[in-house]
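Atom set for the values below is all heavy atoms of this structure, side chains included, hydrogens, waters and symmetry mates excluded.
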Amino acid sequence: MDNGETGADRLDFIREIIRSDKADGTHAEIVTRFPPEPNGYLHIGHAKSICLNFGAAEEFGGRCHLRFDDTNPIKEELEYIDSIQEDVRWLGFDWGENLFFASDYFEQLYQWAEALIEAGKAYVDDLSAEEIRAYRGTLTEPGRESPYRDRGVEENLDLFRRMRRCEFADGARVLRAKIDMAAGNINLRDPVLYRILHAHHPRTGDAWCIYPTYDFAHGQSDAIESITHSLCTLEFEGHRPLYDWLVDNLPVPSRPRQIEFARLNLNYTVMSKRRLLELVQEGQVKGWDDPRMPTLSGMRRRGFPPAAIRDFADRVGVAKRDSVVDVALLEHCVRTDLNHQAERRMGVLRPLKVVIENYPEGREEELEAVNNPEDPAAGTRMVPFSRELYIERDDFMEDPPKKFFRLAPGREVRLRYAYFITCREVVKDADGNVTELRCTYDPETRGGDAPDGRKVKATLHWVSAVHAIPAEVRLYDHLFTRPDPGADGSLLDDLNPNSLVVLDGCRLEPALAGLSAGELVQFERLGYFCVDPDSTPDRPVFNRTVTLRDTWAKVKARG
RNA sequence: UGGGGCGUCGGCAAGUGGUAAGCCACCGGUCUUUGGAUCCGGCAUUCGCAGGUUCGAAUCCUGCCGCCCCAGCCA
């Protein structure tokens with residue numbers, strides 16, 4: 001373990017419950033589960049749940065199941081089942097043999113439904129959806145009982161069996177639990193257990209035309225799998241009494257406990273599947289794996305290491321308070337991980353030509369550069385140097401303000417791992433734009449140090465013009481301009497028009513050629529970048545994963 | 001004038017009657033061939049508010065106030 005010192009023995013309230021249940025013998029083995037519905041791609045919010053469920057199980061020597069909550073065929077697809085498994089694995093977790101589907105339990109669930117009918121605790125209701133809503137009452141008024149509520153067991157059984165045999169149309173009837181239409185908790189006002197859906201299910205095909213609701217499937221599925229702690233988000237708190245009612249009134253093989261925690265919210269982004277889907281469908285982003293998306297596939301493409309996401313989940317903690325976490329914390333976790341693992345390279349995003357007037361034409365040499373100052377084992381590489389170079393346009397100012405200590409007319413700076421150079425002349429085009437810098441170098445400073453001990457205040461990254469490889473670089477920023485997108489008005493109004501900036505004509509050092517998709521590097525002084533899948537051997541494409549901390553940008557912004 | 005939750009630093013979050021951890025952010029400084037990293041220091045006399053109990057309260061009691069969730073045959 002790398003960290004964990006901070007609060008090493010401080011457990012969140014859920015782990016505290018688990019610890020206690022194990023200590024007092026309530027449970028000999030801890031079993032949790034991550035239960036996504038296969039109706040979309042996983043996002044960073046799911047990552048919190050995955051890390052909690054798999055993490056806690058592992059910490060207490062138990063196991064965690066991956067269970068697809070596929071009870072609504074209308075929204076679910078095989079594509080999502082596949083992507084979810086890929087994402088969970090990528091995050092670093094392994095469910096082993098414990099892959100399950102709520103649909104595997106459809107027959108058992110059906111049998112339990114009949115048992116409930118036989119016990120007089122469920123009935124078939126002929127009311128329409130609208131009527132059921134009207135009969136349910138409101139938050140402050142009790143509901144009314146359905147006229148079909150007191151049907152006899154035989155009639156209910158007959159009707160329910162015919163529902164299964166697909167004798168009725170969608171919506172014609174439902175199976176309801178008989179609990180209490182006057183309950184303060186609306187979830188207890190005879191909740192729907194089964195509905196008729198003539199829909200093709202991604203796994204059971206056309207075997208069924210009635211499907212259990214979430215409420216009728218979840219707790220029982222947990223019980224079947226011997227889940228000890230069923231962790232879910234806060235909005236299910238009101239469902240817990242129903243969860244318990246079902247588990248208590250059915251002959252299930254175990255007694256799981258539901259515990260709720262706050263879902264993850266991040267500023268400058270949205271997390272709801274509905275809104276993410278909108279962004280994809282309206283073409284605001286290029287897909288679920290657009291590097292700006294908070295999806296795991298987007299973050300993977302962006303270059304976020306899974307270890308950084310796990311670290312983030314740890315640092316965010318688990319509690320019951322509604323909260324919004326600063327995306328800066330996520331970025332910090334990404335930088336911390338990458339700082340240790342990413343090799344350094346030089347790349348110029350916005351090239352400005354520099355000609356070293358006193359460097360012989362046609363001559364070239366190779367200079368040794370450190371691959372990763374954080375990791376000596378990463379070794380060194382050779383970087384070609386010649387008379388014509390490119391430096392970053394941002395690293396030169398003709399009329400620099402006081403705190404700018406990069407290149408300027410008459411000023412001397414260091415080219416990293418190379419020489420000190422001094423700017424002698426600024427060449428401009430007819431419009432007055434700087435097109436080239438004429439400089440001289442000091443041969444005595446090879447490698448970056450001056451024998452006479454003189455210092456320079458800046459070190460610039462650079463690339464040799466003839467040796468450089470051209471590349472496309474994509475820069476990303478927050479998808480939205482405000483921390484709470486859509487808070488007052490349309491979500492689209494808050495879209496950040498500069499969330500993606502594509503730079504063409506970037507110039508990279510030769511060592512950056514031939515990398516494969518997903519490889520991560522630091523471009524010195526600029527940030528961490530990874531190779532995008534769009535990359536081809538003659539057309540490298542890099543994504544900027546995250547910038548480096550930029551103190552100068554802050555100083556500059558302050559004026 | 002229903003039911004269920006939650007209110008501790010700008011953002012997360014420990015704390016469970018003994019006198020406010022930590023992290024991110026931010027602000028200084030050190031160091032530096034990345035204005036990166038590192039290292040050092042600063043950052044809640046106060047825990048939604050008001051009373052009360054107590055030698056002692058963020059922690060217990062009472063009353064207010066605020067925010068979130070629930071009226072899908074979604075999950």
(Q) Under a 3.5 Å distance rule, please check whether A:Thr233 uses its side chain to pair with a backbone N or O of A:Arg263 as donor and acceptor. (A)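 Here the side-chain-to-backbone pair does not exist.
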Q | Donor-acceptor pair, side chain of A:Asn156 and main chain of A:Val124, under 3.5 angstrom | A | yes
Please verify the inter-ring angle class for [X] with [Y]; under 30° counts as parallel, over 60° as perpendicular, anything in between as tilted.
X: A:Tyr41; Y: A:Trp288; value: parallel
X: A:His218; Y: A:Tyr243; value: tilted
X: A:Trp208; Y: A:Tyr110; value: tilted
X: A:Phe404; Y: A:Trp552; value: perpendicular
X: A:His201; Y: A:Tyr211; value: parallel

**Q.** Glycosidic class, syn or anti, of B:G10 using a 90° window around 0
**A.** anti
Q) What nucleotide among B:G2, B:C24, B:G5 has an atom nearest to a side-chain atom of A:Leu329? A)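 From the listed options, B:C24 comes nearest.
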Phosphate OP1/OP2 of [N] contacted by [X] side-chain N/O (<4.0 Å):
X: A:Thr551; N: B:G36; answer: yes
X: A:Arg558; N: B:C27; answer: yes
X: A:Arg321; N: B:U8; answer: yes
X: A:Arg549; N: B:A37; answer: yes
X: A:His332; N: B:C24; answer: yes

If we take the [atom1] atom in both [N] and [M], what is their distance in whole Å?
N: B:G18; M: B:U54; atom1: C1'; value: 12 Å
N: B:G15; M: B:C9; atom1: C1'; value: 15 Å
N: B:C31; M: B:A14; atom1: C1'; value: 33 Å
N: B:C47; M: B:G72; atom1: P; value: 42 Å
N: B:U1; M: B:C65; atom1: P; value: 10 Å
N: B:A71; M: B:U8; atom1: P; value: 27 Å
N: B:A25; M: B:G63; atom1: P; value: 43 Å
N: B:G48; M: B:C39; atom1: C1'; value: 39 Å

d([atom1], [X]; [atom2], [N]) in whole Å:
X: A:Lys457; N: B:C31; atom1: NZ; atom2: P; answer: 14 Å
X: A:Arg416; N: B:A37; atom1: CZ; atom2: P; answer: 14 Å
X: A:Leu188; N: B:G2; atom1: CG; atom2: P; answer: 18 Å
X: A:Asp311; N: B:G22; atom1: CG; atom2: C1'; answer: 14 Å
X: A:Phe261; N: B:A14; atom1: CZ; atom2: P; answer: 14 Å
X: A:Arg315; N: B:A14; atom1: CZ; atom2: P; answer: 16 Å
X: A:Glu509; N: B:U34; atom1: CD; atom2: P; answer: 16 Å
X: A:Lys48; N: B:C12; atom1: NZ; atom2: P; answer: 11 Å

Quick one: label [X] by what it contacts on the DNA or RNA (base, sugar-phosphate, nothing), any heavy atom closer than 4.0 Å.
X: A:Phe404; result: base
X: A:Asn267; result: nothing
X: A:Arg344; result: base
X: A:Val370; result: nothing
X: A:Gln522; result: base
X: A:Val318; result: sugar-phosphate

Assigned partner base of [N], Watson-Crick or wobble definition, under 3.5 Å:
N: B:U19; value: none
N: B:G41; value: B:C27
N: B:U62; value: B:A50
N: B:G2; value: B:C70

Tell me whether the side-chain N or O atoms of [X] pair up with the base of [N] as donor and acceptor below 3.5 Å, since no angle test is needed here.
X: A:Arg406; N: B:G35; result: yes
X: A:Glu237; N: B:G3; result: no
X: A:Glu374; N: B:U38; result: no

(Q) Which is more 5' along RNA chain B, the nucleotide nearest A:Phe13 or the one nearest A:Thr445? Just name the residue. (A) A:Phe13
**Q.** Comparing A:Thr140 and A:Lys554 on RNA chain B - which has the more 5′ nearest nucleotide
**A.** A:Thr140
Q: Any chance you could list the contact pattern along nucleotides 68-75 of chain B? Use B for base contacts, S for sugar-phosphate-only contacts and - for none, protein heavy atoms under 4.0 Å, 5' to 3'.
A: SSBBSBBB
Q: Keeping to residues at least two apart or across chains, list the side-chain hydrogen bond (donor to acceptor under 3.5 Å, both in side chains) pairs with something in residues 43-52 of chain A.
A: A:Ser49-A:Asn53
Q: Identify the residue among A:Arg149, A:Arg136, A:Arg176 that makes a side chain to side chain donor-acceptor pair (under 3.5 Å) with A:Asp190.
A: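 Among the candidates, only A:Arg149 passes.
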Q. What pairs with A:Phe261 under ring pair (Phe, Tyr, Trp, His ring centres under 6.0 Å), at least two apart in sequence or on another chain?
A. none
